Amino acid sequence: MRIGMSLNYAGGFTETVDELADYEKAGLDIVFVPEAYSFDAVSQMGFIAARTERLQIASGILQLYSRTPTLTAMTAAGLDYVSGGRFVLGLGASGPQVIEGWHGVPYTAPIGRTREIIEICRMVWRRERVVYDGKYYKLPLPAEEGTGLGKPLKLINHPVRERIPIFIASLGPKNVEMTAELAEGWEPIFYVPEKAGDVWGDALARGKAKRDPSLGELDIVAQAFLAIGDDVDGLLDLGRPMAALYIGGMGAKGRNFYNDLARRYGYEKEAEEIQDLYLAGKKDEAAAKVPYELLQKTSLIGSEGFVRDRLAALKESGVTTLNVAPMAGDHESRVKLIERVRELAASV
């Protein structure tokens, strides 16, 4: 299993990127750079490319609705160029709160749009003249929808690669099926290896049955907080606010993908309680309702033996990349955690 981590730059972006060199030396394989409604991720990934040598650099994620498909493809090709072929295009739908609230565009048809964006990106990277007649994207724009002066164009530059890896953040069965069919990688959230087969197994199988063999095996990325020791169990509670935010606050009643996932895991009662409390403004009470079992099984927090067992479970379930968040009080200790989890992952 490869070891990755998400970039947490709360202490300052430049300082965090300076520290990435140490993680790279410790064996970190890939860094995921988020984009929500803060600074854009693209400028940050270009900066990281200039300051690292071996690390893969992944957008984690670029939102479907915030760029045109061709701009997404151009951006990916540019980042792949400045990084010397180390870029991974992570895509996701985000949610209506961000897409309609921040970007001001309708949150519609995320699965269909994802499919069309993937197809258009790969046309651009192959330097084909882009002529695309999709349900959601039409290139060139039809004459009746514009000036009529649009013409088919192809990318001026020659990309480093004509197949830049695409990772999709997806949760629902149809979206996961599409991911397994078309993408190089899949990024679920709150991944419980013992329950993943029941929740996503059929969707993954349907998608893989239609998968182009040239894509290779699907890279499955699992996220986990990381702390190794005999006295670290209390750190599990630090994951409660984030879990409550997603399960309770990301969306509305009947329109929260993370709440749906908790229910599919078997936490129907807890998911409803968390959402009701969170939407009522009782965030601490909502966090307290997050099941301990969910926190434990989605983490790598515990003794070395516990972490080794969790790594074995993740590997058995098909996980190929770990996106960890090392939890320690100082940079040197976090680097040592990356070194140790890499050693443990190699041993299972």
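Because the structure is predicted, anything quoted here is derived from the model rather than measured.
- Identified under the salt bridge (charged side-chain N to carboxylate O under 4.0 Å, His left out) test for residues 107-118, with sequence neighbours left out: R115-E181.
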Extract all donor-acceptor atom pairs below 3.5 Å that involve side chains of residues 121-128 and protein atoms in other chains or at least two apart in sequence.
from	atom 1	to	atom 2	distance (Å)
R122	NH1	L182	O	2.9
R122	NH2	L182	O	2.9
R122	NH2	E184	OE1	3.0
R122	NH2	E184	OE2	3.3
W125	NE1	A73	O	3.0
R126	NE	E128	OE2	2.6
R126	NH2	E128	OE2	3.2
R127	NE	L155	O	3.0
R127	NE	N157	O	3.2
R127	NH1	H158	NE2	3.4
R127	NH2	L155	O	3.1
R127	NH2	I156	O	3.3

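- Between Y23 atom OH and L337 atom CG the span is 8.5 Å, to the nearest 0.5 Å.
- S303 OG to D309 CG: the interatomic distance, rounded to the nearest 0.5 Å, is 8.0 Å.
- By the neighbour-count criterion of 12 heavy atoms within 6.0 Å, atom NZ of K25 is sparsely surrounded, having that number or fewer from other residues, nucleotides or ligands.
- Y107 and Y65 have their aromatic ring centers within a separation under 6.0 angstrom.
- Contact annotation: the side chain of R2 approaches that of Q56 to within less than 4.5 Å [non-hydrogen atoms, C-beta and beyond].
- Under the side chain to side chain donor-acceptor pair (under 3.5 Å) criterion, D80 pairs with R161, sequence neighbours left out.
- Within a 6.0 Å sphere centred on OH of Y132, other residues, nucleotides and ligands contribute more than 12 heavy atoms.
- Once rounded to the nearest 0.5 Å, the distance linking OG1 of T147 with CG of L141 reads 8.0 Å.
- Looking only at distances, a side-chain donor or acceptor of S59 sits under 3.5 Å from a matching main-chain atom of G90.
- Residues satisfying the side chain to side chain donor-acceptor pair (under 3.5 Å) criterion with D22, sequence neighbours excluded, are H331.
- Sequence neighbours left out, not one pair with a member in residues 81-101 passes salt bridge (charged side-chain N to carboxylate O under 4.0 Å, His left out).
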Quiz item: Given the rule in the side-chain contact (heavy atoms from CB on, under 4.5 Å) test, do L322 and L226 qualify, once you have shown the distances and angles that lead to the verdict?
Solution: CA-CA 10 Å; L322 291 171; L226 171 67; over 6 Å; no

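- Under the 4.5 angstrom side-chain criterion for Ile, Leu, Val, Met, Phe, Trp and Tyr, the cluster partners of V221 are I30, F32, V88, F167.
- Contact check for L79 versus I164: no side-chain heavy atoms found under the 4.5 Å cut-off.
- A26 approaches E339 most closely through the heavy-atom pair CB-CG, 3.4 Å.
- The line from OG1 of T68 to CG of L139 is 8.0 Å long, rounded to the nearest 0.5 Å.
- Contact detail for V324 and M5: the closest heavy-atom pair is O-CB, 3.1 Å.
- A chain of hydrophobic side-chain contacts below 4.5 Å, direct or via other Ile, Leu, Val, Met, Phe, Trp or Tyr residues, connects M74 to I166.
- Salt-bridge check for E194 with R310: passed, with a basic side-chain N closer than 4.0 Å to an acidic carboxylate O.
- Contact of the L344 side chain with the L300 side chain is not registered, since no non-hydrogen atoms from C-beta on lie closer than 4.5 Å.
- Within a 6.0 Å sphere centred on NZ of K174, heavy atoms belonging to other residues, nucleotides or ligands number 12 at most.
- Considering every non-hydrogen atom in both L64 and P110, the closest pair reads CD1-O, 3.5 Å.
- Counting heavy-atom neighbours within 6.0 Å of K195 NZ, excluding the residue itself, gives a total above 12.
- By the 4.5 Å heavy-atom criterion applied to side chains, Y191 and S317 are counted as neighbours.
- Counting heavy atoms from C-beta on, the side chains of L7 and L20 come closer than 4.5 Å.
- In terms of heavy atoms, R263 sits closest to A271 at CG-CB, 3.7 Å.
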Got a list of side-chain donor-acceptor pairs under 3.5 Å for residues 281-295, not counting sequence neighbours?
from	atom 1	to	atom 2	distance (Å)
E293	OE1	Y267	OH	2.5

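- Side-chain atoms of N256 come within 3.5 Å of backbone N or O of M250 as a donor-acceptor pair.
- Residues satisfying the salt bridge (charged side-chain N to carboxylate O under 4.0 Å, His left out) test with K253, not counting sequence neighbours, are D276.
- Residue pairs meeting the salt bridge (charged side-chain N to carboxylate O under 4.0 Å, His left out) criterion with at least one partner in residues 55-79, sequence neighbours excluded, are E35-R67.
- For CD of E343, the number of neighbouring non-hydrogen atoms (other residues, nucleotides, ligands) closer than 6.0 Å is greater than 12.
- Both M242 and L238 belong to a common hydrophobic cluster when Ile, Leu, Val, Met, Phe, Trp and Tyr are linked at side-chain heavy-atom distances under 4.5 angstrom.
- In the hydrophobic clustering (ILVMFWY side chains linked at under 4.5 Å, chained through shared members), I61 stands by itself.
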Listing, residues 200-208 side-chain donor-acceptor contacts under 3.5 Å, not counting sequence neighbours, or none:
from	atom 1	to	atom 2	distance (Å)
W200	NE1	L171	O	2.7
R206	NE	E177	OE1	2.9

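- With N259 contributing its side chain and I247 its backbone, the two residues share a donor-acceptor pair below 3.5 Å.
- In terms of heavy atoms, I117 sits closest to P69 at CG1-CG, 3.9 Å.
- A continuous path of Ile, Leu, Val, Met, Phe, Trp and Tyr side chains, each step under 4.5 Å between heavy atoms, connects L91 with V105, placing both in one hydrophobic cluster.
- The OH atom of Y137 sits 7.5 Å away from atom CD1 of I120, with the distance rounded to the nearest 0.5 Å.
- In the hydrophobic cluster analysis, where Ile, Leu, Val, Met, Phe, Trp and Tyr join through side-chain heavy atoms closer than 4.5 angstrom, I118 is grouped together with Y136.
- When ring centroids are compared, F190 and Y265 stay outside the 6.0 Å threshold.
- The shortest distance between side-chain heavy atoms of S214 and R163 falls below 4.5 Å.
- We find the OG1-CD1 distance between T114 and I168 to be 5.5 Å, quoted to the nearest 0.5 Å.
- Here the side chains of T321 and D29 are not in contact, with every heavy-atom distance at 4.5 Å or above.
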Exercise. Report the C-alpha separation of M1 and V348 in whole Å, then their side-chain angles, then the decisive distance to 0.1 Å, and conclude whether the side-chain contact (heavy atoms from CB on, under 4.5 Å) test is met.
Key: CA-CA 9 Å; M1 286 184 286; V348 298; 4.2 Å; yes

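- Inter-residue side-chain proximity for T320 and W186 is flagged as unmet; no heavy-atom pair is nearer than 4.5 Å.
- Other residues, nucleotides and ligands place no more than 12 heavy atoms under 6.0 Å from the CD atom of E332.
- Side-chain atoms of D212 do not come within 3.5 Å of backbone N or O of L215 as any donor-acceptor pair.
- One hydrophobic cluster, built from ILVMFWY side chains closer than 4.5 Å, holds both I111 and V176.
- A salt bridge (charged side-chain N to carboxylate O under 4.0 Å, His left out) check over residues 238-250, counting only residues at least two apart or in different chains, returns the pairs D237-R240.
- Of all non-hydrogen atoms in V33 and Q44, the two that sit nearest each other are CG1-OE1, 4.0 Å.
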